[in-house]
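Each chain gets a letter, A, B and so on, in the order its sequence line appears, and its residues count up from 1.
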Number of protein chains: 4
Amino acid sequence: MSLKETPIIIPQSMRAWVLFGPDDVRLVSKPVPRPGPAEVLVRIGAAAICGTDLEVLRHGRPGSIDGELPFGRGHVIGHEYAGTIAAVGPDVDEVQVGARVAVEIHAGCGRCQRCREGMYTSCLNYGSRRKGHCANGFTTDGGFAEYAVNHINTVYPIPDAMPFEEATLAVTAGTALYGLDVLGGLVAGATLLVIGPGPIGLMAVACGHALGAEVILAGTRPRRLELGRALGARHAVAVREQSLPAEVERITDGAGVDLVMECSGAPTALHEAVHAVKRGGRVCLAAFPHEAVLFDAAHVARNNIYLYGIRGEGNRAVGRAVALMAQGKISGAPLITHRLSLDALPVALETAEKRIGDAVKVVVVP
Amino acid sequence: MSLKETPIIIPQSMRAWVLFGPDDVRLVSKPVPRPGPAEVLVRIGAAAICGTDLEVLRHGRPGSIDGELPFGRGHVIGHEYAGTIAAVGPDVDEVQVGARVAVEIHAGCGRCQRCREGMYTSCLNYGSRRKGHCANGFTTDGGFAEYAVNHINTVYPIPDAMPFEEATLAVTAGTALYGLDVLGGLVAGATLLVIGPGPIGLMAVACGHALGAEVILAGTRPRRLELGRALGARHAVAVREQSLPAEVERITDGAGVDLVMECSGAPTALHEAVHAVKRGGRVCLAAFPHEAVLFDAAHVARNNIYLYGIRGEGNRAVGRAVALMAQGKISGAPLITHRLSLDALPVALETAEKRIGDAVKVVVVP
Amino acid sequence: MSLKETPIIIPQSMRAWVLFGPDDVRLVSKPVPRPGPAEVLVRIGAAAICGTDLEVLRHGRPGSIDGELPFGRGHVIGHEYAGTIAAVGPDVDEVQVGARVAVEIHAGCGRCQRCREGMYTSCLNYGSRRKGHCANGFTTDGGFAEYAVNHINTVYPIPDAMPFEEATLAVTAGTALYGLDVLGGLVAGATLLVIGPGPIGLMAVACGHALGAEVILAGTRPRRLELGRALGARHAVAVREQSLPAEVERITDGAGVDLVMECSGAPTALHEAVHAVKRGGRVCLAAFPHEAVLFDAAHVARNNIYLYGIRGEGNRAVGRAVALMAQGKISGAPLITHRLSLDALPVALETAEKRIGDAVKVVVVP
Amino acid sequence: MSLKETPIIIPQSMRAWVLFGPDDVRLVSKPVPRPGPAEVLVRIGAAAICGTDLEVLRHGRPGSIDGELPFGRGHVIGHEYAGTIAAVGPDVDEVQVGARVAVEIHAGCGRCQRCREGMYTSCLNYGSRRKGHCANGFTTDGGFAEYAVNHINTVYPIPDAMPFEEATLAVTAGTALYGLDVLGGLVAGATLLVIGPGPIGLMAVACGHALGAEVILAGTRPRRLELGRALGARHAVAVREQSLPAEVERITDGAGVDLVMECSGAPTALHEAVHAVKRGGRVCLAAFPHEAVLFDAAHVARNNIYLYGIRGEGNRAVGRAVALMAQGKISGAPLITHRLSLDALPVALETAEKRIGDAVKVVVVP
């Protein structure tokens with residue numbers, strides 16, 4: 001852990017992007033928040049845009065705050081960020097002022113059945129500020145701002161050598177890694193099919209490769225598949241030109257794959273996933289199709305397939321992701337295609353949404 | 001273990017129901033088979049009819065033998081039976097002649113990835129006799145006969161006091177119990193929704209109740225729901241008259257259930273299952289819908305739901321089921337509605353298929 | 001959940017036994033505490049004496065409060081109790097005033113690695129009140145008093161029909177059940193050796209029996225072994241007259257047992273445990289020998305034995321224990337041999353320690 | 001998989017080192033064995049000496065064959081080897097003649113409780129050839145010969161580029177990896193203490209490092225510690241000059257380590273292991289002390305420590321080790337200090353035993 005000795009001077013107010021209504025986010029001046037017990041104040045170094053930010057912006061989902069949508073409540077969006085500890089709350093000694101940290105999104109309430117089982121991303125008091133749940137950018141204030149308060153459970157020290165920009169991808173990598181965890185964790189030598197080369201899919205490629213899997217990446221856009229190859233995919237299947245089932249059959253000599261990470265949300269992806277996996281195999285569902293999908297339940301039962309829905313980054317996987325990043329075993333850097341200033345957030349959001357200039361990850365810097 | 005001292009005289013030939021073609025099963029005289037290494041000969045005491053028998057009879061599924069359907073190969077059907085060890089193969093000392101046993105269906109090849117992981121019901125050499133896989137009644141000869149050869153892995157001693165008829169339900173109970181195992185095994189105090197009061201569903205009620213769950217049973221027919229109550233369901237939801245979601249809401253005070261066993265195969269059951277379970281809950285899929293079903297994948301991901309397809313009775317759960325039956329904690333007896341002679345198998349099959357006289361389990365006795 | 005409608009009038013002060021120094025506990029008048037956020041106030045209905053109470057009384061262990069022993073800090077001892085919710089803290093809606101509850105001891109800090117994994121009994125901030133850890137009777141005020149504040153995570157509703165006295169055993173049963181959980185949870189049909197017929201051992205017998213295990217109980221005192229038989233032990237080995245290894249050999253036909261719960265703390269018990277269990281078996285260590293013991297590490301490695309130390313009742317096992325008690329599948333009642341008034345705590349402690357009148361569980365009632 | 005097209009001509013007889021009595025191994029001419037069902041014939045390319053070979057040579061342990069020691073039964077020793085498939089048994093299509101393979105030691109009987117659970121290294125029929133158990137070099141013929149028969153479950157294809165010498169370390173790496181598996185498998189970012197820089201310890205360093213752990217290696221000899229650093233240990237503690245507890249304290253800022261692999265068999269190692277690990281941590285016991293050791297059972301219980309004895313390389317970890325080796329993530333090459341011809345086995349054994357020339361791994365080549 002590397003600590004800066006210089007005291008950090010915290011201003012009274014800060015710039016922050018607040019959600020006034022659907023598709024209505026405005027840069028305002030807000031008081032810099034103060035960390036309470038078990039909390040720290042992070043001075044944001046960089047914040048990345050995630051597809052879910054666009055969902056929050058437009059529909060208020062997936063979070064709701066004490067049962068209501070986040071519009072018009074002064075809510076600051078943005079959940080993938082990194083920065084420096086600027087202040088700590090009472091009795092916090094887990095990190096020190098000056099420490100550079102990556103963040104994860106969710107801190108559970110600590111009092112529901114799931115939190116007590118360690119499944120804090122499935123907190124049954126999701127969105128209840130009163131009961132202590134936090135999901136920064138979703139149900140508590142997030143990172144498109146100069147400062148954010150984080151629960152102590154959601155910060156992970158990063159080395160000096162890791163740029164904040166790259167560290168914004170810790171939670172993306174943590175989600176991918178958590179997916180591999182729920183698939184059993186023993187991925188060395190396994191064949192892993194990743195469907196969907198979005199950021200989570202690409203980090204699933206990187207993590208799977210780092211831990212020894214033979215990764216097959218399926219997607220539509222050639223540039224993304226190329227990026228996937230650079231991150232460690234041994235095989236890339238362009239699903240518009242190639243038949244995914246035929247390619248899986250060919251690559252695995254008819255055996256099927258051991259594991260699947262479904263990260264595309266495409267309507268047919270789950271069907272392809274459960275048919276690509278071998279008997280007794282496992283599928284992680286990390287994306288949200290907009291509509292109900294057709295599902296071959298008989299095939300799943302007859303072949304003893306297990307299917308794991310995951311909501312984000314659980315089981316402290318962000319910490320494991322940071323470790324792999326710090327060791328150079330995975331890197332988020334290749335995903336970062338655009339850097340803008342915090343003030344240009346609307347441009348950044350549009351760049352991300354429309355994938356202008358083949359945008360993968362767009363990062364804003366205060 | 002209770003052993004009969006009287007030597008068992010094994011005849012040269014036996015009566016057996018052989019599958020000649022789709023819906024064409026005939027009573028023939030066959031040589032009594034001889035057990036090889038790691039095998040035993042079971043003199044059948046009783047054999048029950050399962051819905052899957054009707055699938056095998058009509059479509060040859062779910063098994064295939066070395067890649068081909070079982071028709072016209074001298075295949076004996078029937079997979080739920082119990083009886084007495086009549087002879088043992090070379091080097092078999094795990095059981096002795098005279099022991100009374102229940103059976104399970106599957107013995108894996110012992111050499112594929114799944115068998116080596118202990119997942120023998122998901123054997124990757126399923127149906128390959130040459131590689132050592134057995135699934136009596138599916139891919140190797142079954143129990144609608146006077147004798148059957150069983151792999152040593154598929155027999156479980158039962159006490160003298162347990163009638164063979166009841167012991168035919170060991171594999172049914174074992175399937176239900178395996179379902180509870182994959183759901184995590186810790187069911188005491190949990191709310192368990194069982195959908196579908198067929199034999200597996202009813203045994204899931206009995207097993208769940210025995211292990212301390214609060215069981216909700218959902219089904220259509222009042223007689224079955226009544227039977228479910230007798231087996232331990234605290235709540236029974238008649239889904240034609242009542243809304244299952246509303247009842248789950250009411251019974252669980254809005255929390256949703258912890259666990260679901262989907263044993264109906266109904267087209268909407270999986271949808272109802274994933275919406276009945278609370279965030280972070282688990283669903284076991286133990287039935288095979290005939291068509292692809294609509295599946296709310298986004299809900300499953302967003303709520304971190306895990307879904308476990310199971311093929312039959314894995315992980316030696318039949319042994320645990322026999323133990324619970326022997327201790328009187330669960331009983332199969334209430335399910336047995338009809339007893340016929342082996343010679344009357346066609347009548348028995350029709351009784352089971354058409355549920356004549358409210359048939360639940362129909363048993364034939366040689 | 002059964003709620004009493006009568007409002008509960010809470011007095012200003014209460015009687016409580018406070019630990020002034022080693023072996024120096026005094027009945028004093030203290031203000032009735034007020035529940036804070038995520039807390040409730042319990043009006044004690046009954047409190048039982050545990051062997052660990054004597055440790056706390058004499059040595060201050062196993063707890064320490066913010067790094068110091070609990071002597072002279074106004075600390076109220078007693079951790080096995082049950083009662084009625086008298087008041088709830090802000091935003092507590094999980095239980096209502098008037099609910100009858102059993103308690104568990106530990107609520108973790110919610111912010112350390114272990115708590116975030118769900119292992120709250122292994123909280124790395126054990127004893128740190130500032131960081132939110134509670135272990136009533138050990139590091140926060142306990143139950144030898146008229147009232148106690150409990151974290152919401154440590155109360156479990158009990159049915160009206162369950163006497164408070166019996167409910168004091170929920171945490172004992174929960175510890176035993178947690179032991180079975182870490183041993184894999186699938187105990188039906190397994191042979192389970194319980195060493196040591198103290199309260200935890202006896203409840204391990206009851207829980208193992210309820211879940212379908214074949215239980216062997218080993219101990220010294222005939223009365224305790226008799227009690228163990230009444231609670232479900234199929235075999236009882238009087239280790240002063242019989243050789244435990246020889247008896248295990250005989251009962252298991254030379255196979256060894258599947259699982260062991262070591263609840264005695266006897267110097268040779270662990271050695272006997274690892275030699276009684278079959279290859280690949282599992283041993284739970286739930287007792288604390290006073291000295292280091294000789295351990296056959298080579299045998300443990302060569303036979304792939306797993307050994308699980310447990311500290312108390314983790315993974316919400318108390319909830320499962322309460323469910324089994326409420327269903328009549330286990331009962332703590334046979335263990336309760338003595339009932340005294342709260343004012344007679346010193347007599348109660350002496351009765352428990354010296355096992356006067358064959359004391360098993362001694363309960364005090366305010 | 002790379003297959004050689006040239007047919008392999010198999011001679012009638014071969015050179016093999018046979019165990020005549022304690023410390024009496026002789027080079028003899030034996031018929032080349034023929035593979036039966038589920039077996040292959042391996043033409044040995046290289047075979048390494050393991051400490052256990054010396055145990056077998058001297059004491060016949062750890063294996064026994066059908067209950068008797070292996071002396072005077074024509075038994076061929078040696079269990080760490082690699083080579084080329086020279087012939088396959090009936091119905092074997094999992095590998096083809098010409099394939100280059102690494103081996104693992106154990107194939108279970110496939111019919112006992114443990115094998116059916118996937119725990120084949122803990123086979124309850126260990127040493128029973130009749131029931132199908134194999135442990136080459138221990139209870140079935142091994143690899144200090146020109147040819148050996150292997151069960152199909154014990155061969156893993158290796159790439160052309162991997163020298164046989166290095167591939168002999170697959171089983172060593174597989175044992176280390178299996179240790180990490182039983183410790184939970186999620187080692188990225190965890191602190192891992194490896195005690196004992198023998199071959200298994202050194203491969204535990206390499207595997208832990210490859211999967212992202214921060215590895216601390218403890219040992220006595222500077223050369224070994226240096227080798228450990230080269231394989232990925234971030235910290236090396238010379239236990240004769242430094243206090244291991246003090247160093248662990250210093251390195252982990254007082255937190256203790258997350259995981260321990262005890263690979264030394266030193267009398268005090270287990271004590272140090274359980275005190276080095278933090279509360280709720282896990283220890284794998286992969287070495288066999290010659291005498292019973294003192295064990296702080298109370299500390300283990302009070303701190304909820306789990307201890308996993310492992311016998312060798314289970315759960316197909318050798319396959320995962322081969323994958324990591326093939327990907328260059330771990331390498332066995334640095335351990336190979338000596339190469340001799342098969343005929344010089346006695347010299348090789350002496351070199352290994354006396355660590356002549358700082359021997360780590362001594363390999364013989366036919």
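The candidate with the highest count of non-hydrogen atom pairs below 4.5 Å against chain B, out of A:Glu291, A:His290, A:Gln113, A:Glu117, is A:Gln113. With chain B as the partner, the residue from A:Leu285, A:Asp296, A:Val293, A:Asn303 showing the most heavy-atom pairs under 4.5 Å is A:Val293. Of all the listed residues (B:Phe288, B:Phe295, B:Tyr126), the one sharing the greatest number of non-hydrogen pairs under 4.5 Å with chain A is B:Phe295. Note on B:Val182, B:Asp258, B:Leu307: by heavy-atom pairs under 4.5 Å with chain A, the leading option is B:Leu307.
Two residues are said to be in side-chain contact when any heavy atoms from C-beta on lie closer than 4.5 Å; B:Tyr308 and A:Ile305 fail this criterion. In this structure, B:Arg61 and A:Arg302 have side chains that are not in contact, with every pair of non-hydrogen atoms separated by 4.5 Å or more. Taking the side chain as every heavy atom from C-beta outward, A:Met119 and B:Arg279 never approach each other to under 4.5 Å.
A distance of 6.5 Å separates OG of B:Ser122 from OH of A:Tyr306, quoted to the nearest 0.5 Å. Once rounded to the nearest 0.5 Å, the distance linking CG of B:Asn304 with CZ of A:Arg311 reads 8.5 Å.
For chain A, no part of B:Val283 is nearby; none of its heavy atoms comes within less than 4.5 Å. Within the 4.5 angstrom heavy-atom criterion, only backbone atoms of B:Ala287 (N, CA, C, O) approach chain A. Proximity to chain A is limited to the backbone of B:Cys123, based on heavy atoms less than 4.5 angstrom apart.
Between B:Ala298 and A:Pro289 the shortest heavy-atom distance is CB-O, 3.3 Å.
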